[in-house]
Amino acid sequence: MQGLADFLKGIGAARFGAMIAVTAALVGFFAFVIMRVTTPQMTTLFTDLSVEDSSGIIKDLERQGIQFELRNEGSIIMVPKDKVTRLRMKLAEGGLPKGGGVGYEVFDKSDALGTTSFVQNINHLRALEGELARTIRAIDRIQAARVHLVLPERPLFSREAPEPSASIVVRVRGALEAQQIRAVRHLVASAVNGLKPQRVSIVDETGQLLADGAQTDPDQQIGDERRTAFEKRMRKQVEDIVSSVVGTGRARVQLSADFDFNKITQTSDKFDPEGRVLRSSQTREEQSMTADNNGQVTVNNELPGNQQNSGVAAKDQSKKSEETNNYEISRTTKTEVTEAGRVNRISVAVLVDGIYSKNEKGDLAYQDRTKEQLDRIATLVRSAIGFDQKRGDQVEVVNLRFADAPSTTPIAEPSGLLGMLQFTKDDVMYFVELGVMMLLGLIVLFLVIRPLVKRILASDEVAAAIAGVLTGPAASEEAAPSGQPLLPSGAASAIDVATVQGQVHAQSVHRVGELAERNPNETVAIIRQWLTEPAK
């Protein structure tokens, strides 16, 4: 302790304060770097949470002692990346998040014994609306949904019951397709007894009406969707085949299809007079004969079995034959049903860009495509759409220069080690942050700490040298009256070096003595070994 006190007195208060400041700054900087590096990487646990769901999730995370962060006024919760999967399964087991609505769990803790039928009906309606909202949110591009159901009761003494209806408000990312809107309507209609898809209205968060709840013709709606899907599919086919020739993004295609949605049923009968088939045949024959008995009426003549005179000849005899034949004429009946959705006409307009090449100066030079190239492109388009000249199809291919020139800078795809390991953006940013922290640490160490330490040590050496020179016996005797030393500058520097070396040797001897005192047995053994060794 006495040596430490002497050392502290020797370095001075200013240098001691500087050393403490440097040490504190160094410890604080490296503590910040270590804490920043060891802090777990945060990722999103849930987004677009309601206040109820957010509070429930935070309470559960605090109970588990897991670090979390809140963003966007509590609607986004961030947790460590290595725990996000386990936390989602754990929270799902507890029914979180509930989605901002009440589902069938409203009946879990209700007292059914003292509940009126009115409350039960209200709870059933709330549960049905909440479950439908959760199901709708599971559809792609739909972030949030709110469902309102109107289930009227049938009035007494009424033969007709009012139809139920539904209204849905959704918040979407981008825009919903017509098929998705129709799927939502049929989903809600299938879940509610007696509800028709035409009675479901859908509105987005901007107030735009996506589906009208009026009684519209479903066949017309299906026909429009079919025409839209057909045009989209044909347009993509034409764009793919044209882009493979002129380049990606250097062609614009517009396609219009005229559909006939009328359903036609046609029946025709055809008779062939040459083709006859015997249907029925009837033959009839009649024969009569009259004999002469002279007009005598006697009892003998009227008795049965009377043998008349065989010699009497017949006076009158007749015979009649009749035949009737019925023939069936050959008949063909043909019924043709033409379903709705026939393509009457297809019109295609294709706009292609020209050819770009670099001139002698390195600039892009534009050149129109030849008529032969345009004709070949038109031939490809006709084959892609199934061109039919009889129904009036039309294909136009025009070459015009686009307003924006093609980009000459290729998009760099990840390759090498980055492409092999498939680092994500978060991983790359994490490694960049580590590199910046290490670089700042090295800069502080070599440009701030090292010069300060060297300056402090140099000040100690100079002060010790000056003190050794001034305390020497010749310093007071050979000083001039003006206070200037009589020795030359070279001798003074030599004395300073000798003084410093002497202090170093003294410290070394002092350390050797301390080692000898602490380890006497080893010291004796070393000295004996020296004595036994021959002199060199």
Side-chain angles (χ1 to χ4, degrees), residues 31-115 119-149 168-174 184 187-188 191 204-205 423-431 433-434:
F32 170 75
V33 172
I34 292 173
M35 291 179 61
R36 190 68 183 88
V37 171
T38 56
T39 301
Q41 188 177 1
M42 308 297 285
T43 186
T44 304
L45 179 62
F46 292 110
T47 60
D48 297 326
L49 294 174
S50 62
V51 179
E52 294 81 4
D53 289 340
S54 182
S55 61
I57 293 174
I58 291 174
K59 186 181 297 183
D60 194 280
L61 294 177
E62 291 177 348
R63 183 178 57 82
Q64 299 182 29
I66 297 176
Q67 183 182 0
F68 63 89
E69 295 179 3
L70 296 178
R71 295 182 182 179
N72 197 13
E73 299 181 355
S75 62
I76 299 176
I77 299 180
M78 310 287 290
V79 295
K81 187 176 183 180
D82 56 343
K83 299 180 180 179
V84 62
T85 304
R86 184 179 63 84
L87 285 176
R88 286 177 180 174
M89 292 187 293
K90 186 70 176 179
L91 293 172
E93 182 181 358
L96 291 174
K98 298 180 180 179
V102 180
Y104 285 116
E105 65 272 7
V106 71
F107 298 103
D108 295 340
K109 300 180 180 180
S110 61
D111 187 8
L113 183 60
T115 305
V119 176
Q120 288 284 359
N121 293 334
I122 293 298
N123 289 337
H124 178 264
L125 183 63
R126 291 176 58 197
L128 186 58
E129 291 177 349
E131 293 294 335
L132 287 175
R134 294 176 185 177
T135 306
I136 293 173
R137 280 197 302 272
I139 300 176
D140 190 20
R141 297 184 184 179
I142 297 180
Q143 294 181 341
R146 188 173 179 85
V147 180
H148 300 278
L149 297 177
I168 305 172
V169 180
V170 295
R171 185 169 70 248
V172 299
R173 295 187 298 267
V184 172
L187 173 67
V188 176
D204 62 1
E205 72 276 10
F423 287 145
T424 61
K425 183 179 179 180
D426 296 336
D427 297 333
V428 174
M429 294 302 297
Y430 179 71
F431 288 120
E433 185 178 0
L434 289 180

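The structure displayed is predicted, hence computed values, not measured ones. Heavy atoms only: backbone and side chains are in, while hydrogens, waters and symmetry mates are out.
- Expressed to the nearest 0.5 Å, how far CG of L61 lies from NZ of K83 amounts to 10.0 Å.
- For the atom pair CG of N72 and OG of S54, the computed distance is 10.5 Å after rounding to the nearest 0.5 Å.
- The side-chain heavy atoms of R88 and L45, taken from C-beta on, include a pair separated by under 4.5 Å.
- Note that the OG1 atom of T44 and the NZ atom of K81 stand 11.0 Å from one another [nearest 0.5 Å].
- Here the side chains of R171 and I142 are not in contact, with every heavy-atom distance at 4.5 Å or above.
- Taking the side chain as every heavy atom from C-beta outward, Q143 and R173 approach each other to under 4.5 Å.
- Nearest heavy atom pair, residue P80 against residue Q67, reads CD-O, 3.2 Å.
- A 6.0 Å sphere centred on NE2 of H124 holds no more than 12 heavy atoms belonging to other residues, nucleotides or ligands.
- The shortest side-chain heavy-atom distance between V188 and I136 falls under the 4.5 Å cut-off.
- Of all heavy-atom pairs between L128 and A191, the closest is CD1-O, 4.3 Å.
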Exercise for the section: Any chance you could lay out the side-chain contact (heavy atoms from CB on, under 4.5 Å) test for I66 and R86, step after step, and finish with the verdict? Expected result: CA-CA 12 Å; I66 297 176; R86 184 179 63 84; 3.9 Å; yes
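- Considering every non-hydrogen atom in both A145 and A133, the closest pair reads O-CB, 3.6 Å.
- When side chains are defined from C-beta on, F46 does not count as touching I77, because their heavy atoms never get closer than 4.5 Å.
- If you take CG on L187 and CD1 on I168, they are separated by 8.0 Å, rounding to the nearest 0.5 Å.
- For the atom pair I57 CD1 and E62 CD, the distance stands at 12.5 Å (nearest 0.5 Å).
- With contacts defined as side-chain heavy-atom distances shorter than 4.5 Å, the pair N121/L125 does not qualify.
- The shortest distance between side-chain heavy atoms of L87 and Q64 falls below 4.5 Å.
- A pairwise comparison of heavy atoms in M78 and M42 identifies O-CE, 3.4 Å as the closest pair.
- In this structure, E129 contributes its side chain and L149 its backbone to a donor-acceptor pair below 3.5 Å.
- Considering only heavy atoms from C-beta on, I58 comes within 4.5 Å of L70 through its side chain.
- Ion pairing between R134 and E131 holds under the 4.0 Å rule for side-chain N and carboxylate O.
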